[in-house]
Amino acid sequence: MSDQEIERRKSLEFLIQNNINPYPAEAYPVNVTAEEIKNNYDEQKNNYQDISIAGRMMSRRIMGKVSFIELQDHTGKIQVYIKRDTLCPGEDKSLYNTIFKKHFDIGDIIGVKGFVFITQTGEITIHATEIKMLAKAIRPLPIVKEKDGKVFDAFTDPEQRYRQRYLDLILNPKSRDVFIKRTKIVNSMRDFLNSKGYLEVETPILQPIYGGAAARPFVTHHNTLDIDLYLRIANELYLKRLIVGGLPAVYEFSKDFRNEGMDRFHNPEFTQMELYVAYKDYIWMMELVEQMVEYITKQLYGTTKVKVGENEIDFKAPWKRLTMYDAIKEFTGIDISNMNEDELRKTAKTLGIEVDETMGKGKLIDEIFGETVEPNLIQPTFIMDYPVEMSPLAKKHRSEPGLVERFEVIVNGKELANAYSELNDPIDQRKRFEEQLILAKRGDKEAMMLDEDFLQAIEYGMPPTAGLGIGIDRLTMLLTDSHSIQDVILFPQMKPDRTVFELNELVDKLQEAGVPSEWIKVFPQIGIKSLKALKNIKPGKLHQDLCGFNKKNKLNLTNPTLEEVEKWLEDLK
RNA sequence: GACCGAGUAGCUCAGCUGGUAGAGCAACAGACUCUUAAUCUGUGGGUCCAGGGUUCGAUUCCCUGCUCGGUCACCA
């Protein structure tokens with residue numbers, strides 16, 4: 001424990017001994033927020049003269065008989081003026097002199113009652129008539145200072161920001177803002193879809209057969225049924241079953257799981273919104289997508305223009321539409337629409353793209369597109385008509401052989417959404433699944449499984465349907481100008497910290513060996529933080545270290561005997 | 001998965017060619033009744049990520065590991 005933590009625990013004790021509950025149970029009535037005061041206070045009107053507010057004390061300037069603190073609630077910070085003789089009108093000044101000055105700390109959650117005024121330096125401030133401890137913080141908060149919009153000692157370490165998101169939310173208003181925006185984005189998307197009468201549904205996350213996308217799944221096990229289940233990689237096949245069932249339009253905000261690499265665009269669990277509408281096609285869906293995203297952007301910013309990195313992106317509909325072949329032609333000058341596999345391979349090579357013999361026609365086209373076109377599409381663009389080999393769930397193109405009716409939305413060089421005229425021909429669908437099975441046998445770990453139950457469903461007849469998947473994380477990244485997916489997911493996946501794991505393991509073993517808990521706490525402090533460290537230590541040295549630490553730090557613990565220490569080590573083996 | 005970079009006080013970071021560490025803020029003691037990165041005086045605080053090696057001696061050099069970041073690869 002650091003000196004500061006020890007000090008705070010002492011303060012905690014002091015409060016308790018002076019009949020001040022550091023964690024009171026009763027509600028604290030709040031009648032105003034920092035933002036409301038700052039926006040609406042008017043010296044002439046003399047409003048906000050009886051306010052009650054609660055929040056976290058973020059900084060403190062003590063000037064003898066007067067102090068200023070910054071109180072932060074969910075809307076922002078406001079300054080509070082604490083004057084000894086206002087707070088303690090009587091003889092007893094201990095609330096100010098002792099309780100507040102000595103035993104309140106930065107990070108404590110407090111309640112303040114008082115009236116608003118403007119200081120000599122012109123800052124809207126609450127003059128406190130009452131302060132109350134609502135929750136004592138016994139761990140010091142990182143200190144961030146600010147002057148004229150410049151931030152000093154900013155809390156920016158990505159590891160801490162993601163592992164301890166609560167600190168990020170307390171200390172970085174921008175981060176808090178991103179997550180508020182994320183919810184607004186989801187809400188306006190839901191409003192948009194509901195206004196059209198579409199039905200929001202829930203489908204299984206645990207699936208006996210995973211499908212609907214090309215990806216490796218997470219596997220889990222159901223004990224009672226004694227079967228393996230997969231965390232869904234998509235919900236497409238379930239939503240389509242609902243279309244078979246006669247629901248005309250269904251959608252779901254779907255947490256999906258993919259057991260693949262992680263980088264700034266990929267988190268193992270992520271969110272997609274999938275939508276299926278009967279009797280529509282992908283042409284119709286393009287209009288819906290551009291309208292929906294335009295609507296969301298307007299709701300969020302009041303404009304369709306958003307700055308993303310160096311670029312200003314305009315989401316105003318309609319968006320540019322290009323077929324995949326035309327897009328490649330536009331960016332390379334090469335028309336690949338009539339090329340066979342060999343010619344495609346040659347073309348790829350001349351463009352400096354690495355190819356190998358296992359790549360089929362579809363894969364080659366995708367590689368060429370990914371290298372030459374995708375990164376260059378900054379403004380929202382529909383890329384239409386993909387090779388059939390890459391899209392086992394999309395309907396064959398109405399006029400172009402070898403292609404399917406599929407589009408992707410590319411924004412800022414990245415895919416944002418993916419949509420098809422859905423394949424509803426059960427014979428063709430079975431054939432496509434079978435082709436996937438062949439790929440799987442050849443070792444493609446992402447090939448789709450044959451879903452017999454799904455095939456059965458569409459054999460009963462599925463109306464022609466347009467389907468869409470849109471990445472909520474990616475959309476949020478775009479609309480909040482976030483560099484990494486971890487900035488738009490509250491608790492992104494992180495590798496567990498090995499040292500924490502080892503420490504827990506050690507504590508468990510020490511408990512088993514009957515070491516008293518007050519002594520267990522000492523072990524890490526004398527440098528023993530893992531079982532490995534304990535194995536190499538001699539009982540005599542351990543005994544010396546423990547007793548020495550006790551004496552040096554005046555813990556006043558009863559020293560164990562050497563025999564006891566020997567027995568602990570014995571029991572650990 | 002490959003390569004590169006980072007890990008030092010509660011926080012943000014210095015620390016030269018190896019001699020066991022510094023600053024600001026925070027903390028503690030004191031002064032101060034309108035300050036605002038408050039100020040002024042004084043004090044305490046660190047297995048320099050972990051393990052191993054080279055060395056008389058390692059925070060520093062080398063190797064391995066852990067965690068994070070970046071780039072690329074894989075991947076929607």
Side-chain angles (χ1 to χ4, degrees), chain A residues 1-8 10-11 58-70 77 79-87 96 101-102 105-107 117-123 125 127 137-163 167 171 212-216 233-234 256 258-266 268 270 272 354 366 370 374 390 408 410 414-418 445-446 469-471 473-474 483-484 486 494-503 524-530 532-533 536 545:
Chain A
M1 231 188 315
S2 69
D3 56 336
Q4 298 195 38
E5 285 174 82
I6 292 164
E7 283 299 330
R8 282 171 184 244
K10 279 188 202 156
S11 288
M58 297 302 285
S59 74
R60 184 159 72 153
R61 294 179 283 276
I62 296 178
M63 316 186 46
K65 298 180 182 65
V66 145
S67 297
F68 291 88
I69 66 170
E70 277 184 299
K77 286 181 191 159
Q79 182 171 262
V80 179
Y81 175 64
I82 298 173
K83 191 172 165 184
R84 190 192 67 183
D85 296 334
T86 313
L87 200 62
Y96 180 80
K101 270 167 77 173
K102 303 281 181 195
D105 291 291
I106 291 173
F117 75 111
I118 295 184
T119 62
Q120 282 172 11
T121 43
E123 182 155 344
T125 300
H127 190 140
I138 58 170
R139 211 180 259 270
L141 217 51
I143 303 292
V144 177
K145 297 230 174 184
E146 206 188 318
K147 161 98 169 171
D148 303 330
K150 254 194 214 162
V151 179
F152 299 83
D153 298 341
F155 182 73
T156 54
D157 176 31
E159 181 164 5
Q160 273 195 80
R161 284 187 52 223
Y162 303 145
R163 283 194 200 277
L167 290 181
L171 299 166
R216 291 155 76 173
I233 57 171
D256 294 338
R258 298 189 184 175
N259 206 342
E260 288 171 347
M262 292 159 64
D263 59 30
R264 74 187 187 91
F265 289 104
H266 299 88
F270 65 103
Q272 273 199 99
E354 278 184 44
D366 190 55
E374 200 171 71
M390 323 201 46
E408 287 191 353
I410 313 288
K414 273 276 166 192
E415 179 205 342
L416 173 66
N418 181 20
K445 290 204 168 68
E446 295 189 337
I470 181 166
D473 311 286
R474 297 249 179 113
H483 175 77
S484 162
Q486 297 175 108
M494 302 286 276
K495 269 197 200 178
D497 195 335
R498 219 33 231 169
T499 55
V500 172
F501 175 80
E502 282 177 358
L503 193 60
Q525 299 182 62
I526 57 168
I528 297 170
K529 291 181 181 172
S530 67
K532 221 165 42 185
N536 302 321
D545 284 355

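Since this is a predicted model, take the numbers as computed values, not measurements. Below, chains carry the letters A, B, ... as their sequence lines are ordered, and counting in each starts from 1.
- For Lys495(A), the listed nucleotide lying nearest its side chain is U67(B); candidates were U35(B), C28(B), U67(B).
- Here the side chain of Lys145(A) is nearest to one of C28(B), C25(B), C75(B), namely C25(B).
- One distance of note links CD of Gln486(A) with OH of Tyr162(A); it measures 4.5 Å at 0.5 Å rounding.
- Heavy atoms of Phe117(A) sit under 4.0 angstrom from at least one base atom.
- Contact annotation for Gln272(A): no contact, since no heavy-atom pair falls under 4.0 Å across all strands.
- Between Phe117(A) and His127(A), the ring planes lie tilted relative to each other; the angle falls in the 30° to 60° range.
- Taking atom P on both nucleotides, A23(B) is separated from U17(B) by 22 Å, rounded to a whole Å.
- Here Lys101(A) lies out of heavy-atom contact (under 4.0 Å) with every strand.
- Asp85(A) comes within 4.0 angstrom of a base, heavy atoms only.
- The residue Ala213(A) sits apart from the nucleic acid: no heavy atom pair falls under 4.0 Å.
- Glu415(A) comes within 4.0 angstrom of a nucleotide base, judged by non-hydrogen atoms across all strands.
- Within residues 58-65 of chain A, the residues approaching RNA chain B are Arg61(A), Ile62(A), Met63(A), Gly64(A), Lys65(A), by heavy-atom distance under 4.0 Å.
- By the salt bridge (Lys or Arg N to Asp or Glu O under 4.0 Å) test, Asp263(A) pairs with no residue at all, sequence neighbours left out.
- In this model, a side-chain donor or acceptor of Gln79(A) finds a partner on the base of U35(B) within 3.5 Å.
- The side chain of Ile106(A) lies closest to A27(B), out of C34(B), A27(B), U67(B).
- Across all strands shown, U12(B) forms a Watson-Crick or G-U wobble pair, both distances under 3.5 Å, with A23(B).
- Shown here, C68(B) forms a base pair with G5(B); the pair counts as Watson-Crick or G-U wobble because both key distances fall under 3.5 Å.
- Residue Phe68(A) has its side chain nearest to C34(B) when only G30(B), U33(B), C34(B) are considered.
- C11(B) sits 28 Å from G51(B) when the C1' atoms are compared, rounded to a whole Å.
- Using a 4.0 Å heavy-atom distance criterion, Asp148(A) is classed as making no nucleic acid contact.
- When both distances must be under 3.5 Å, the Watson-Crick or G-U wobble mate of U41(B) is A29(B).
- Once rounded to the nearest 0.5 Å, the distance linking CG of Asp85(A) with OH of Tyr96(A) reads 9.5 Å.
- Using atom P as the reference point in both U12(B) and G69(B), the two lie 15 Å apart (nearest Å).
- Between C28(B), A37(B), C34(B), one nucleotide has an atom nearer to the side chain of Glu7(A) than all others, and that is C28(B).
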Enumerate all atom pairs, one protein N or O and one N or O from nucleotides 2-11 of chain B, separated by less than 3.5 Å.
from, atom 1, to, atom 2, distance (Å)
G10(B), N9, Gln4(A), NE2, 3.4

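- With U36(B), U35(B), C75(B) as the candidates, the nucleotide lying closest to the side chain of Glu123(A) is U36(B).
- On the P atoms, G10(B) is 14 Å away from A50(B), given to the nearest whole Å.
- Rounding to whole angstrom units, CD1 of residue Ile69(A) and C1' of A37(B) are separated by 17 Å.
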